[in-house]
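The structure presented is a predicted model; accordingly, all values stated were derived computationally and were not measured.
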Amino acid sequence: MGFGDLKSLPGLQVLNDYLADKSYIEGYVPSQADVAVFEAVSGPPPADLCHALRWYNHIKSYEKEKASLPGVKKALGKYGPANVEDTTGSGVADSKDDDDIDLFGSDDEEESEEAKRLREERLAQYESKKAKKPALVAKSSILLDVKPWDDETDMAKLEECVRSIQADGLVWGSSKLVPVGYGIKKLQIQCVVEDDKVGTDMLEEQITAFEDYVQSMDVAAFNKI
């Protein structure tokens with residue numbers, strides 16, 4: 001198991017593909033598995049590796065709490081796709097060994113060019129295989145509770161305002177009014193979002209912008225599809 005070399009583009013590509021339908025390295029909450037892989041990555045993945053970048057930024061937000069995350073940190077080779085071997089850090093060791101042996105550096109240029117050629121060939125092969133695979137789109141089903149100011153709020157108008165929010169990767173579903181007490185009802189509405197395009201923060205910002213009708217918005221349920 002592993003991701004290849006997480007300090008290289010091919011390794012990050014494997015990580016990106018692995019996270020295409022997952023929020024975390026293991027399970028459904030941040031854990032020491034995420035910490036182990038995060039620490040092996042040298043920096044933020046490129047913007048085109050959207051799944052890896054989303055995961056990286058999310059785990060980075062737990063930097064102060066990472067020691068308290070659940071689980072036991074294992075070797076990198078214990079995580080990732082079963083058919084990929086972890087080689088993170090091996091390049092550094094190999095380079096050091098070469099420096100020790102080749103005192104005069106007579107073959108450095110040839111070895112560098114050969115390594116570059118092999119890397120480019122492997123990357124081209126990987127990109128070719130990737131291009132033949134259909135892209136997986138990570139989606140989530142979200143149930144929102146939208147609360148009005150009082151029992152005199154026009155709930156039909158409130159729902160109309162909510163459904164007027166349109167965005168690429170956002171589809172509104174069924175809804176119902178749920179009593180909360182004192183004659184007040186909240187709007188409970190379902191939506192499906194593409195994770196890389198629409199987030200709960202964006203939904204909350206746009207829904208609560210209808211301040212004449214909406215007092216607050218809460219996420220009642222969040223499930224990966």
*How many angstroms lie between OG1 in T208 and CD in Q206, if you round to the nearest 0.5 Å?*
9.5 Å

_NZ-CG distance between K60 and L53, expressed to the nearest 0.5 angstrom_ = 10.0 Å

*asked:* If you compare all heavy atoms of A36 against all heavy atoms of L76, which two are closest, and at what distance to 0.1 Å?
replied: O-CD2, 3.6 Å

Please table the atom pairs, donor to acceptor, closer than 3.5 Å between any side-chain atom in residues 210-225 and protein atoms at least two apart or in another chain.
unit_1: D218; atom_1: OD2; unit_2: K147; atom_2: NZ; d: 3.4
unit_1: K224; atom_1: NZ; unit_2: D195; atom_2: OD2; d: 2.2

*asked:* So which atom in G183 and which in D151 form the shortest heavy-atom distance, rounded to 0.1 Å?
replied: O-CB, 3.5 Å

*asked:* Just so I know, are the side chains of P10 and D5 near enough to count as touching, which here means a heavy-atom distance under 4.5 Å?
replied: no

Output a table of donor-acceptor pairs, distance under 3.5 Å, between side-chain atoms of residues 175-182 and any protein atom two or more places apart or on a different chain; print 'none' if there are none.
unit_1: S175; atom_1: OG; unit_2: E159; atom_2: OE2; d: 2.7
unit_1: S175; atom_1: OG; unit_2: R163; atom_2: NH2; d: 3.4

_P46: side chain to side chain contact (heavy atoms under 4.5 Å, CB included) partners, not counting sequence neighbours_ = L9, L12, D48, L49

*To the nearest 0.5 angstrom, please state how far the OH atom of Y79 sits from the CG atom of D34.*
8.5 Å

*Other cluster members, V171 - Ile/Leu/Val/Met/Phe/Trp/Tyr, side-chain contacts below 4.5 Å*: none

*Do L170 and L158 sit in the same hydrophobic cluster, where Ile, Leu, Val, Met, Phe, Trp and Tyr count as joined when their side-chain heavy atoms come under 4.5 Å apart?*
yes

*asked:* Tell me if the NZ atom of K78 is crowded by more than 12 foreign heavy atoms within 6.0 Å.
replied: no

*Could you list who else is in L143's hydrophobic cluster, with ILVMFWY side chains joined at under 4.5 Å, directly or through other members?*
none

*Closest heavy-atom contact between V198 and M202?*
CG1-CE, 3.6 Å

*Kindly write out the residues that satisfy side-chain hydrogen bond (donor to acceptor under 3.5 Å, both in side chains) with K197, not counting sequence neighbours, or none if the list is empty.*
D168, E194

*Name all residues meeting the salt bridge (Lys or Arg N to Asp or Glu O under 4.0 Å) criterion together with D145; count only those two or more places apart in sequence or in a different chain, and write none if there are none.*
K186

*Qualifying residues under side-chain hydrogen bond (donor to acceptor under 3.5 Å, both in side chains), relative to S42, sequence neighbours excluded*: none

*Under 3.5 Å, side chain of K7 to main-chain N/O of A40, donor-acceptor pair present?*
yes

*asked:* Between W55 and L15 (side chain of the first, backbone of the second, donor and acceptor by atom type, cut-off under 3.5 Å), is there such a pair?
replied: no

*Calculate, to the nearest 0.5 Å, the distance between atoms NZ and CG belonging to K22 and D17 respectively.*
10.0 Å

*Looking at CD1 of I207 and CG of L187, how far apart are the two atoms once the value is rounded to the nearest 0.5 Å?*
8.5 Å

*asked:* Please find the pair of heavy atoms, one from A20 and one from A138, that lie closest to each other, and give the distance.
replied: O-CB, 3.1 Å

Sequence neighbours excluded and cut-off under 3.5 Å, please list the side-chain donor-acceptor pairs for residues 26-33, or say none.
unit_1: S31; atom_1: OG; unit_2: A33; atom_2: N; d: 3.3
unit_1: Q32; atom_1: NE2; unit_2: K66; atom_2: O; d: 2.7
unit_1: Q32; atom_1: NE2; unit_2: L69; atom_2: O; d: 2.9

*Assess whether atom CD of E65 is packed by more than 12 heavy atoms of other residues, nucleotides or ligands within 6.0 Å.*
yes

*asked:* Between N16 (side chain only) and L19 (backbone N and O only), is there a donor and an acceptor less than 3.5 Å apart?
replied: no

_Among residues at least two apart in sequence or on other chains, which ones pass side chain to side chain contact (heavy atoms under 4.5 Å, CB included) with D196?_
C50, H51, R54

*Do F3 and Y18 have ring centres separated by under 6.0 Å?*
yes

_Test of understanding: clusters of I, L, V, M, F, W, Y form through side-chain heavy atoms closer than 4.5 Å, transitively. Do I59 and L6 belong to the same one?_
yes

*Distance, nearest 0.5 Å, that separates SG of C191 from CG of L203*: 5.5 Å

_Verdict with supporting geometry, W172 and I165, side chain to side chain contact (heavy atoms under 4.5 Å, CB included)_ = CA-CA 9 Å; W172 294 108; I165 299 171; 4.2 Å; yes

*asked:* I'd like to know if K157 pairs up with E160 as an ion pair, taking the criterion as any Lys NZ or Arg NE/NH1/NH2 lying under 4.0 Å from an Asp or Glu carboxylate oxygen.
replied: yes

*asked:* What I'd like to find out is whether the side chain of E63 reaches to under 4.5 Å of the side chain of F38, using heavy atoms alone.
replied: no

*Only counting residues at least two apart or in another chain, list the ones meeting salt bridge (Lys or Arg N to Asp or Glu O under 4.0 Å) with K73.*
E39

_Partner residues of E120 under the side chain to side chain contact (heavy atoms under 4.5 Å, CB included) criterion, sequence neighbours left out_ = K116

